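Letters go in sequence order (proteins before strands), and every chain restarts at 1. Values reported hereafter were calculated over all heavy atoms of this structure, with side chains retained and with hydrogens, waters and symmetry mates removed. These figures come from a predicted structure and were not determined experimentally.
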2 protein chains.
Amino acid sequence: MADDTLKPVAQRHERVRRQHNDELAEDYVEAIHGLLEENEQARVTDLQGIFGVSHVSVIRALDRLEARGLLERSRKEGIRLSAEGQQMAQESARRHELVVKFLRVLGVSNTRAEADAEGIEHHLSEETLRAMRRLIRQRERG
Amino acid sequence: MADDTLKPVAQRHERVRRQHNDELAEDYVEAIHGLLEENEQARVTDLQGIFGVSHVSVIRALDRLEARGLLERSRKEGIRLSAEGQQMAQESARRHELVVKFLRVLGVSNTRAEADAEGIEHHLSEETLRAMRRLIRQRERG
DNA sequence: TCAAGAATGTAGCACAGGCTACATTTCAGC
DNA sequence: GCTGAAATGTAGCCTGTGCTACATTCTTGA
């Protein structure tokens, strides 16, 4: 069923399903990007600790991301992000920071802001992100 | 691995995975509740139209929800929500309305607010919901 | 009343993303 | 250089959530 034959409510649900498909990818490239910046390497074990899943789940996720062209792996080089992967990581990180900051400005505690941001950051339109930036600016000005 | 042995970042990711498991349930009971109020019946076909998936996916989802005790089905009576299902539906609907209203207050268009709310409403802590209500009240007074 | 079309249900497939158990590879310290 | 532990990888399982193709059942209008 082509998207434009769907009722609006169905299009919204379809969009959320698509976003769920991208969530794991965004979370992984963001985490890998952070690890590479910090340690110059990103290991399966590190990611296992970050996501709280078995190392097998990490490896299978990396397989999928490699198939999607977001990263490459080799024995000697370890995990490296492709250009596309790096771009996705940077955008994700920026969006994550924005959402956390927005929640902090709203008065949400740091812990909660970090936790809720993790869930919602993949589901925000550009329009909503702009509105969030606007509120942050307003509050910063006083 | 017990949750409290995980690193904080892993706990956050674990929470998001749990929320994803509940999303479909909440969306379905909310939709069914709305249909029952409007039409006095909720049919597979209606839900198929709302979610934009095949009728088979709807039936399988209903099977799972029935197994979870959120609803009952019978030939003659159709789909009815259990007490638990009704409560979940009402809470979901209230939360959905709150999020939409919050985004509207932020200046987001109605279409975008509805769409983004669909994605994020399942991932908000009580603390963040309170902060959203607070901002709505401020804007309504000012 | 009965035949066609709508609604519902079943069988069986795919893929994502979890898991444990087992195998291999890499690396650090003796 | 060897050995044990850490890291990585493989095999094979489960569940959720999507699908098409094929029944079956219900409903409605000629």
Side-chain angles (χ1 to χ4, degrees), chain A residues 1-3 5-6 10-11 13-29 31-32 35 39-68 70-80 118 122, chain B residues 1-3 5-6 10-11 13-29 31-32 35 39 41-68 70-80 118-119 122:
Chain A
M1 187 140 51
D3 187 76
T5 69
L6 295 177
Q11 288 181 30
H13 284 290
E14 209 270 329
R15 170 172 172 259
V16 176
R17 286 195 297 274
R18 252 181 296 119
Q19 288 168 337
H20 281 159
N21 275 338
D22 291 337
E23 271 195 51
L24 184 131
E26 291 182 0
D27 286 340
Y28 267 77
V29 294
I32 290 166
L35 286 168
N39 313 332
E40 274 137 60
Q41 61 167 350
R43 299 175 309 158
V44 171
T45 303
D46 302 324
L47 293 165
Q48 171 180 7
I50 288 172
F51 293 109
V53 297
S54 74
H55 77 281
V56 182
S57 297
V58 172
I59 288 170
R60 305 252 313 254
L62 292 176
D63 288 344
R64 287 190 290 271
L65 299 182
E66 193 166 14
R68 279 180 60 176
L70 293 169
L71 55 84
E72 280 159 45
R73 278 186 296 166
S74 68
R75 280 265 176 241
K76 32 185 317 208
E77 307 256 356
I79 302 169
R80 286 149 304 148
E118 209 68 75
H122 307 286
Chain B
M1 186 141 51
D3 187 77
T5 69
L6 296 177
Q11 288 181 31
H13 285 289
E14 210 269 331
R15 169 171 172 262
V16 176
R17 287 197 296 274
R18 252 182 295 117
Q19 289 168 336
H20 281 160
N21 275 337
D22 290 338
E23 270 195 51
L24 183 131
E26 291 182 0
D27 286 340
Y28 267 77
V29 296
I32 291 166
L35 287 169
N39 314 332
Q41 61 167 350
R43 298 175 311 159
V44 171
T45 303
D46 301 324
L47 294 166
Q48 171 180 6
I50 288 172
F51 292 109
V53 297
S54 73
H55 77 280
V56 183
S57 297
V58 173
I59 288 171
R60 305 250 313 253
L62 292 176
D63 287 344
R64 287 191 291 272
L65 298 182
E66 192 166 13
R68 278 180 61 175
L70 293 170
L71 54 83
E72 281 160 43
R73 276 185 299 166
S74 68
R75 279 263 176 240
K76 32 186 314 205
E77 307 256 357
I79 301 169
R80 286 148 304 149
E118 208 69 73
H122 308 286

Atom pair distance, as rounded to whole Å: [atom1] in [X] and [atom2] in [N]:
X: B:Leu62; N: D:dT17; atom1: CG; atom2: C1'; value: 13 Å
X: A:Ile59; N: C:dA21; atom1: CD1; atom2: P; value: 17 Å
X: A:Arg43; N: C:dC27; atom1: CZ; atom2: P; value: 11 Å
X: A:Gln48; N: D:dG9; atom1: CD; atom2: C1'; value: 13 Å
X: A:His20; N: C:dG18; atom1: NE2; atom2: P; value: 13 Å
X: A:Asn21; N: D:dG18; atom1: CG; atom2: P; value: 10 Å
X: B:Gln19; N: C:dG17; atom1: CD; atom2: C1'; value: 17 Å
X: B:Leu47; N: D:dT17; atom1: CG; atom2: P; value: 15 Å

- Task: Starting from the 5' end of DNA chain C, give me the residue, A:Ser57 or B:Ala42, whose nearest nucleotide shows up first.
- Result: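 Mapping each residue to its closest nucleotide by heavy atoms, the 5'-most match is B:Ala42.
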- Of A:Glu26, A:Gln19, A:His20, which is the lone residue that meets side chain to side chain donor-acceptor pair (under 3.5 Å) with A:His122?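 Testing each of A:Glu26, A:Gln19, A:His20 against A:His122, the sole residue satisfying side chain to side chain donor-acceptor pair (under 3.5 Å) is A:Glu26.
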Would you indicate whether the side-chain heavy atoms of [Y] and [X] approach each other to under 4.5 Å?
X: A:Val53; Y: B:His13; result: no
X: B:Arg64; Y: B:Arg60; result: yes
X: B:Asp22; Y: B:Arg18; result: no
X: A:Leu62; Y: A:Ile32; result: yes
X: A:Leu35; Y: A:Arg43; result: no
X: B:His55; Y: B:Ile59; result: yes

- Specify the residue among B:Tyr28 and A:Arg73 whose closest nucleotide of DNA chain D lies further upstream toward the 5′ end.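 Its nucleotide being nearer the 5' end, the pick is A:Arg73.
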- Item | Position toward the 5' end of DNA chain D (nearest nucleotide), A:Arg17 or A:Val44 |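 Whichever sits nearer the 5' end wins; that is A:Val44.
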- Task: Would you indicate what A:Thr45 reaches in the nucleic acid, counting non-hydrogen atoms under 4.0 angstrom: base, sugar-phosphate, or nothing?
- Result: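 Since only primed, P, OP1 and OP2 atoms lie under 4.0 Å of A:Thr45, the category is sugar-phosphate.
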- Would you classify A:Arg64 as touching base, sugar-phosphate or nothing, given that sugar-phosphate means primed atoms plus P, OP1 and OP2, and contacts are heavy atoms under 4.0 Å?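 Base: the residue A:Arg64, judged by heavy atoms under 4.0 Å, touches a nucleobase.
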Of all the nucleotides listed ([options]), which has the minimum atom distance to the side chain of [X]?
X: B:Val53; options: C:dT20, D:dA7, D:dC19; value: D:dC19
X: B:Val56; options: C:dA11, D:dT8, C:dG17; value: C:dA11
X: A:Leu24; options: C:dG18, C:dT10, D:dA7; value: C:dG18

- Message: Is there a side-chain contact between A:Ser54 and the phosphate of C:dC19, meaning an N or O under 4.0 Å from OP1 or OP2?
- Response: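 For C:dC19, OP1/OP2 do have a side-chain N/O of A:Ser54 under 4.0 Å.
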- Polar pair under 3.5 Å, donor/acceptor by atom type, side chain A:Arg60, base D:dG12: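 Counting by modelled atom types and ignoring angles, a donor-acceptor contact under 3.5 Å is found here.
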- Just one of A:Ile79, A:Val58, A:Leu70, A:Ile50 clears the side-chain contact (heavy atoms from CB on, under 4.5 Å) bar with A:Tyr28, so which one?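 Only one of A:Ile79, A:Val58, A:Leu70, A:Ile50 forms a side-chain contact (heavy atoms from CB on, under 4.5 Å) with A:Tyr28, namely A:Val58.
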Can you tabulate the close N/O pairs, meaning under 3.5 Å, that link protein atoms to atoms of nucleotides 22-25 of chain C?
none

